[in-house]
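Atoms considered below: every heavy atom in the structure, side chains included; atoms not considered: hydrogens, waters and symmetry mates. Just so we're clear, the structure is a prediction, and the values are computed from it rather than from any experiment. All residue numbers refer to positions in the sequence shown, counting from 1.
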Amino acid sequence: MHAPASKVAWRLLAACAIANSVFQFSAATAQPVASRTDAPPSAQSAERQDSFYCEERRLGYWFYCERPKPPEQNSPSPAPTSSATSQLDAITATLRELKAKAILEPTPANVTAYIRFQRAQLDRASLFSDVWQRAMWQDPELDYTLQRPVSTLGKRQWQDSRSAERNAAMAQLSERYGLFYFFAQSCGACEVMSPIVQSVASTWHIAVRAISTDGGPSRHFPNYTVETNQRSRMGLEPKITPAVVLWDARTGRPIPIGYGVMSADELQDRIYLLTSKEAGRDY
C-alpha cells in the first residue's frame, strides 16, 4: 500500500512543477503582448526589437530587417511665372477695360480708377524713358546722336563736315560721270529746275546733255537735243519731267537722281550719296 501512495505523490509533485513552469512562461510572454496591445511602442523600443530580431538572432539577408524609410515629401513646385509679354498685355487690357468702363459708366469711382491706373502706367513709361537715356549716355555704341547729332551745335558741325566731304567727292565727279537732263517747254516745273541743274553742273564742271521731251527749246540749255526714246532705253518713267539722270561712263549705266523740282543742295546730296556711299550707310 505504501508503494502506490508514493507514486501518486510523485505524479502530483511533477504536475505541480509543470503547471508552475507553464504559469511563469505565460506571465513572461503575456507582459510584452499586453504592452503591445495597450499602447503603441515607442521609437526606442522598436529599435531595440529590430536589433534583437536582426542582429542578435542573425537571421540573414533573407529576412527584411531594414525598417522602411518614410516616403519623401516632394516640395511644392513654384508657380510658373508669366512672361513679360503676357504681363504687358494684361496691363494694356486692364487699361482698356477701365477706360471703357469709365466712358460707359462715368461714375466718380470708375473715372478715378481709370485715372489712377493710367497715371501709374505713365510713371512706368517715364521711368523706362529715363533709364533708356542713361543707358545711351553710358554706352557710346547705343547713342545714335554721335553719328547724327541733334543738338544745334553738334548738328552744325556735322553738316559742315559732311558738306566738306561731299564737295571733295563732287570735285572728282566730272572725271567719270555726266548728266542727262530731260525737260519740256510746256513744263512749268522745268523752268524752275533748269537753272538749278545748270548751276550745279557749272560749279563742278559736269557735262550736261539736255533732252527736250516735246521738242521745245530751253533758254538755259540752248544746245538741247530732241528725245528719241532715250528714257525708255534707260528704264525711266517716260511721262514725268523734269528728270535728272547721272551717267556712269566707266560702267555705261544710268543712275536716276530724281524727278521734279529739287534744290541745289538736295541735288548735290543725292549725287554724292548715289556715287560715294553704299546703301544702308549713313552719310
Side-chain angles (χ1 to χ4, degrees), residues 144-283:
Y144 183 71
T145 60
L146 297 179
Q147 303 177 21
R148 181 68 68 87
V150 295
S151 64
T152 303
L153 182 60
K155 191 173 183 179
R156 185 183 300 113
Q157 185 276 331
W158 176 82
Q159 288 177 341
D160 294 341
S161 176
R162 190 189 70 169
S163 296
E165 184 179 356
R166 183 197 67 186
N167 294 342
M170 293 290 292
Q172 306 296 327
L173 199 68
S174 61
E175 300 176 1
R176 177 176 175 178
Y177 298 95
L179 280 176
F180 280 96
Y181 174 60
F182 295 90
F183 70 94
Q185 183 184 16
S186 59
C187 171
C190 296
E191 287 294 322
V192 179
M193 188 62 186
S194 294
I196 295 175
V197 175
Q198 184 187 40
S199 174
V200 172
S202 62
T203 300
W204 304 111
H205 308 287
I206 302 173
V208 180
R209 184 175 179 182
I211 300 176
S212 177
T213 60
D214 60 357
S218 171
R219 60 189 178 90
H220 299 283
F221 297 99
N223 298 325
Y224 70 94
T225 59
V226 180
E227 182 181 8
T228 56
N229 203 28
Q230 288 94 333
R231 285 185 293 182
S232 298
R233 291 196 299 267
M234 292 182 182
L236 304 177
E237 176 58 44
K239 297 182 180 180
I240 300 178
T241 54
V244 181
V245 180
L246 197 66
W247 180 262
D248 188 350
R250 184 177 300 176
T251 61
R253 68 182 183 92
I255 304 175
I257 300 300
Y259 303 89
V261 177
M262 293 174 283
S263 66
D265 283 339
E266 184 179 3
L267 179 60
Q268 294 176 94
D269 284 343
R270 291 189 183 188
I271 294 174
Y272 169 66
L273 172 62
L274 294 173
T275 58
S276 303
K277 296 295 183 179
E278 297 179 357
R281 181 180 175 184
D282 195 19
Y283 69 98

Quiz prompt | Sub-4.5 Å side-chain heavy-atom contact between Ile196 and Glu266 | solution = no

Self-check item: Closest approach of Phe183 to Ala210 (non-hydrogen atoms, all atoms of both residues)
Solution: CE2-CB, 3.8 Å

Quiz item: Can you check whether Ser212's main-chain N or O pairs, donor with acceptor, with Glu227's side chain at less than 3.5 Å?
Solution: no

Practice problem: Using only heavy-atom distances, determine whether the side chains of Ser194 and Tyr181 contain a donor-acceptor pair under 3.5 Å. | Solution: yes

Quiz item: Going from CD on Gln198 to NE2 on His220, what distance comes out if it is rounded to the nearest 0.5 angstrom?
Solution: 6.5 Å

Exercise. Kindly indicate whether the side chain of Gln185, heavy atoms from C-beta on, has any atom under 4.5 Å from the side chain of Ser218.
Key: no

Exercise. Evaluate the side-chain proximity of Gln268 to Leu273: yes if any heavy-atom separation is below 4.5 Å, no if none is.
Key: no

Quiz item: Hey, what do you get for CD1 (Ile206) to OG (Ser174), rounding to the nearest 0.5 Å?
Solution: 6.5 Å

Practice problem: Check for a donor-acceptor pair, side chain of Asp248 on one end and backbone N or O of Pro254 on the other, with a separation under 3.5 Å. | Solution: no

Quiz item: Between CG of Asp214 and SG of Cys187, what distance do you get to the nearest 0.5 Å?
Solution: 9.0 Å

Practice problem: Locate the shortest heavy-atom distance separating Val200 from Ala264; write the atom from each residue and the value. | Solution: CG2-CB, 4.0 Å

Practice problem: State, yes or no, whether a side-chain contact exists between Ile271 and Leu173 at a heavy-atom distance under 4.5 Å. | Solution: yes

Practice problem: Please work out whether the ring planes of Phe180 and Trp247 are parallel, tilted or perpendicular, with thresholds of 30° and 60°. | Solution: perpendicular

Quiz item: Do you know which two heavy atoms are closest between Met262 and Arg270, and how far apart they sit?
Solution: SD-NH1, 3.2 Å

Exercise. Taking all non-hydrogen atoms of both residues into account, name the closest pair between Pro242 and Ala189 and its distance.
Key: CD-CB, 3.9 Å

Practice problem: Kindly indicate whether the side chain of Arg209, heavy atoms from C-beta on, has any atom under 4.5 Å from the side chain of Tyr224. | Solution: no

Self-check item: Any donor-acceptor pair under 3.5 Å from Ser161 side chain to Gln157 backbone
Solution: no

Quiz item: So, for Arg233 and Thr228, which heavy atoms are closest and what is the spacing to 0.1 Å?
Solution: NH1-O, 3.1 Å

Practice problem: Find the distance between CG (Leu246) and CZ (Arg253) and round it off to the nearest 0.5 Å. | Solution: 9.0 Å

Quiz item: For Tyr177 and Thr275, which heavy atoms make the closest approach, and how far apart are they?
Solution: CZ-CG2, 3.8 Å

Quiz prompt | OH-CZ distance between Tyr259 and Phe182, expressed to the nearest 0.5 angstrom | solution = 9.0 Å

Quiz item: Heavy-atom distance under 4.5 Å between the side chains of Ile211 and Val226, does that happen here?
Solution: no

Self-check item: CA sep, side-chain torsions, deciding dist, call: Lys155, Val150, side-chain contact (heavy atoms from CB on, under 4.5 Å)
Solution: CA-CA 6 Å; Lys155 191 173 183 179; Val150 295; over 6 Å; no

Quiz item: Does the side chain of Val245 reach to within under 4.5 Å of the side chain of Met234, using non-hydrogen atoms?
Solution: yes

Practice problem: State whether Glu165 and Lys277 are salt-bridged, where the test is any N-O pair (Lys NZ or Arg NE/NH1/NH2 against Asp/Glu carboxylate O) under 4.0 Å. | Solution: yes

Exercise. To the nearest 0.5 angstrom, please state how far the CG atom of Leu267 sits from the CE atom of Met193.
Key: 5.0 Å

Self-check item: Validation row: Arg162, Trp158 side chains within 4.5 angstrom (heavy atoms)
Solution: yes

